[in-house]
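First listed ligand is number 1; within each ligand, the first listed atom is number 1.
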Amino acid sequence: MASDRPVLAITGGGSGLGESMALRFAEGGYDVTLCGRREDNLKSVAAKIEALGGKAHFASLDVREADKVQAWLESARQAFGRLDALICNAAGNFICPSIDLSPNGWRSVTSINLDGTFFASQAFAKIQIRDQRPGSILSIIAAYAWSGQPGTIHSAASKAGILAMMRTLAAEWGRYGLRCNTIAPGPVHTEGTDKNLWSVPGVVEAVTRSIPMGRLGKAQDIADAAFFLASAQASWISGAELTVDGAQWLNGGIFGWDPSDLGGAKTAK
Ligand code: COA
């Protein structure tokens with residue numbers, strides 16, 4: 001029998017923003033299925049979901065493998081009897097000047113972002129269409145999808161691709177009751193960004209100065225926006241992009257124009 005609680009499926013749910021969104025939905029009455037590459041992280045988030053009164057399900061996988069993504073969502077559908085929302089959150093990124101980026105480095109990030117988002121969206125849509133259930137698909141992008149971002153060409157190009165993907169799917173799948181939207185988070189504190197981005201001396205201060213609202217984001221800021229977009233209050237919102245960044249993108253690039261600002265290698269001359 002289908003669960004009487006709505007069900008969220010989220011990729012990359014084992015840490016960072018993905019974990020925060022998973023827990024926000026559990027607090028809001030959802031059961032949650034997670035996927036990610038590190039099983040210990042998934043287990044720990046699943047325990048937190050259950051402590052909040054939700055049921056949890058997870059699969060350890062790489063979103064670049066379409067058959068595993070499909071099997072994960074089918075198994076969650078089997079376990080819960082229904083699916084309601086998908087968040088495509090899994091992403092790869094690292095700072096590297098474009099001139100130095102290897103073909104494998106390019107493929108690695110663009111495939112996690114683009115292939116992973118498409119595989120999960122398509123597998124989710126097939127289940128919802130088969131079940132004749134509406135659903136919400138939300139993908140996490142970045143404001144540099146429209147500005148570009150020196151130092152992360154693989155991520156910027158694929159986030160722009162995801163924006164076009166969600167708009168395309170909103171137009172194709174609206175007839176099935178599937179809404180497809182994106183959130184573009186600004187600079188946010190998470191365990192990962194605090195370690196990988198904000199530990200460079202002076203960067204947090206510089207980034208904060210670039211944000212009209214005067215602070216970096218909290219994971220909760222993004223999780224609340226994601227929860228809203230999945231809710232009945234957003235039932236006529238589709239094909240939309242919601243920037244959640246304290247108006248930072250209006251001030252220009254996040255990190256300035258030299259990747260070495262963030263500790264990346266100096267551009268080859
Ligand atoms: N600078 C330059 N090149 C890098 C790099 C860096 N910091 N990190 C990885 N690469 C290159 C590798 O050298 C390799 O290319 P090569 O074979 O030509 O040497 C290629 O990228 C793939 O690396 P690998 O570690 O095998 O990739 P992966 O597919 O296992 O991992 C990544 C994916 C690269 C995105 C990895 O950084 C990762 O898993 N990150 C965690 C998730 C994440 O990035 N989250 C951020 C969300 S914003």
Closer than 4.0 Å to some heavy atom of [X] - which atoms of ligand 1 meet that?
X    : value
R64  : 28 (P), 29 (O)
G105 : 11 (C), 15 (O), 20 (C), 21 (O)
N104 : 15 (O), 16 (P), 17 (O), 18 (O), 20 (C)
S102 : 15 (O), 16 (P), 18 (O)

Please list the nearest protein heavy atom to [atom] with its residue and the distance rounded to 0.1 Å.
atom                    : value
atom 48 (S) of ligand 1 : N93 CB, 3.8 Å
atom 28 (P) of ligand 1 : S108 OG, 3.6 Å
atom 9 (C) of ligand 1  : F94 CE2, 3.5 Å
atom 43 (C) of ligand 1 : A91 O, 3.4 Å

Report yes if the side chains of [X] and [Y] come closer than 4.5 Å at any heavy-atom pair, otherwise no.
X    : Y    : answer
Y176 : Q128 : no
C35  : T11  : yes
S20  : I222 : no

Closer than 4.0 Å: a protein non-hydrogen atom to [atom]:
atom                    : value
atom 45 (N) of ligand 1 : yes
atom 34 (C) of ligand 1 : yes
atom 23 (O) of ligand 1 : no
atom 12 (C) of ligand 1 : no
atom 26 (O) of ligand 1 : no
atom 39 (O) of ligand 1 : yes

Open item on the list: I'd like to know if R37 contacts ligand 1, where contact means a heavy-atom distance under 4.0 Å to any ligand atom.
Closed with: yes
Task: Close approach, I112 and ligand 1, non-hydrogen under 4.0 angstrom - done: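 Within the 4.0 Å threshold, so yes.
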- [ ] Could you please spell out the steps behind the side chain to side chain donor-acceptor pair (under 3.5 Å) verdict for S210 and Q248?
- [x] CA-CA 6 Å; S210 77; Q248 195 272 345; 3.0 Å; yes
- [ ] Consider only side-chain heavy atoms of I, L, V, M, F, W and Y, link residues closer than 4.5 Å, and tell whether I140 and F227 are in one cluster.
- [x]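 Result: yes, single cluster for both.
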Task: Hphob cluster co-occupancy, F124 + V32, side-chain heavy atoms under 4.5 angstrom - done: no
TODO: Applying side chain to side chain contact (heavy atoms under 4.5 Å, CB included), run through E39 and F58 and close with a yes or a no.
DONE: CA-CA 9 Å; E39 188 161 341; F58 64 84; 4.0 Å; yes
Task: Electrostatic pair D224-R24, nearest N-O below 4.0 angstrom - done: yes
Task: Residues E74, R130: salt bridge by 4.0 Å N-O rule - done: yes
Open item on the list: Considering both backbone and side-chain atoms of G92, is one of its nitrogen or oxygen atoms within less than 3.5 Å of a nitrogen or oxygen in ligand 1?
Closed with: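 No; every N/O pair is 3.5 Å or more apart.
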Task: Q149 and S147: side chain donor to acceptor below 3.5 Å - done: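 Side-chain D/A pair, Q149 to S147: absent.
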Open item on the list: Any side-chain to backbone donor/acceptor pair from S158 onto L114? Under 3.5 Å, distance only.
Closed with: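 Checked: no pair found.
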